[in-house]
Amino acid sequence: MNTRVKNAALALAALFLVYVAWQRYGWPGVVAVSGGLLMWLLLHFTRLMTVMKRAANRPIGWVDSAVMLNAKLKTGVTLMHVIAMTRALGERLSAESEEPEVFRWTDGSASSVTATFLGGRLQSWALNRPAAGPTTETAPAPAPGTAP
């Protein structure tokens, strides 16, 4: 569903609730429903501020484990949900105000997750792991006839 349509439907539902409260209970009903709607808005605002406060304390584009982030992601989650999971803002790879938005989160082993958001919702993501270079240490071959 389009975000604008969804927001308009939510606003109409809120107005409908206030109207029904007015018809059934008068001003006390309007006050009760308005108080409930205000509490709902404040809860969402508090969650947003908590997520952003946690993200402000971390470097941009940092995640503890890119592999775990890759395993937890699901199509359709919001950018705010991903920021809450990573506790960091993503490194923007796309141009400002361009759709789709592309962000990257990288961990300490240089593994990264690149996520594509369309309309604020996760559409696709890819795990990028660095290629393992040749090892300088090799185990000696066991002597013939011996158990490893």
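Predicted model only: the values in this text are computed from it and were never measured.
Note: the hydrophobic cluster containing Val63 also contains Val67 (ILVMFWY, side chain heavy atoms under 4.5 Å, direct or indirect links). One hydrophobic cluster, built from ILVMFWY side chains closer than 4.5 Å, cannot hold both Met85 and Met68; they sit in different ones. In terms of hydrophobic clustering, with Ile, Leu, Val, Met, Phe, Trp and Tyr side chains grouped at heavy-atom distances under 4.5 Å, Trp22 and Leu17 are assigned to a common cluster. No chain of hydrophobic side-chain contacts below 4.5 Å, direct or via other Ile, Leu, Val, Met, Phe, Trp or Tyr residues, connects Leu69 to Leu93. A continuous path of hydrophobic side-chain contacts links Met49 to Met80 [ILVMFWY only; heavy atoms under 4.5 Å].
Distance check, rounded to the nearest 0.5 Å: CE of Met39 to CG of Leu42 gives 6.5 Å. Here the CZ atom belonging to Arg121 is positioned 16.0 Å from the OG1 atom belonging to Thr116, to the nearest 0.5 angstrom. To the nearest 0.5 Å, atoms CG (Asn57) and CE (Met52) are separated by 11.5 Å. The CG atom of Asn128 lies 9.5 Å from the CG atom of Asn70; values are rounded to the nearest 0.5 Å. Separation of atoms NZ (Lys72) and OG (Ser65) is listed at 8.5 Å; rounding is to 0.5 Å. Rounded to the nearest 0.5 Å, atoms CG (Leu118) and CD (Gln123) are 5.0 Å apart.
Ring pair Trp105/Phe103 is tilted by interplanar angle, where 30° to 60° counts as tilted.
The closest donor-acceptor contact from the side chain of Trp62 to the backbone of Leu89 lies at 3.5 Å or more, if one exists at all. Judged by distance alone, the side chain of Ser94 and the main-chain N or O of Val102 form a donor-acceptor pair under 3.5 Å. With hydrogens and angles disregarded, a donor-acceptor distance shorter than 3.5 Å links the side chain of Asp107 to the backbone of Ala66.
Closest non-hydrogen pair, Pro130 versus Ser111, comes out as CD-OG, 3.5 Å. A pairwise comparison of heavy atoms in Val82 and Phe117 identifies CG2-CZ, 3.9 Å as the closest pair. Considering all non-hydrogen atoms of both residues, Ser97 and Arg92 come closest at N-NH1, 4.4 Å. Among all heavy-atom pairs drawn from Gly90 and Ile60, the shortest one is O-CG2, 3.6 Å.
Using a 4.5 Å heavy-atom cutoff, the side chains of Ser34 and Val18 are in contact. Considering only heavy atoms from C-beta on, Thr78 comes within 4.5 Å of His81 through its side chain.
Applying the salt bridge (Lys or Arg N to Asp or Glu O under 4.0 Å) definition to pairs two or more places apart or across chains, those involving residues 50-63 are Arg58-Asp64.
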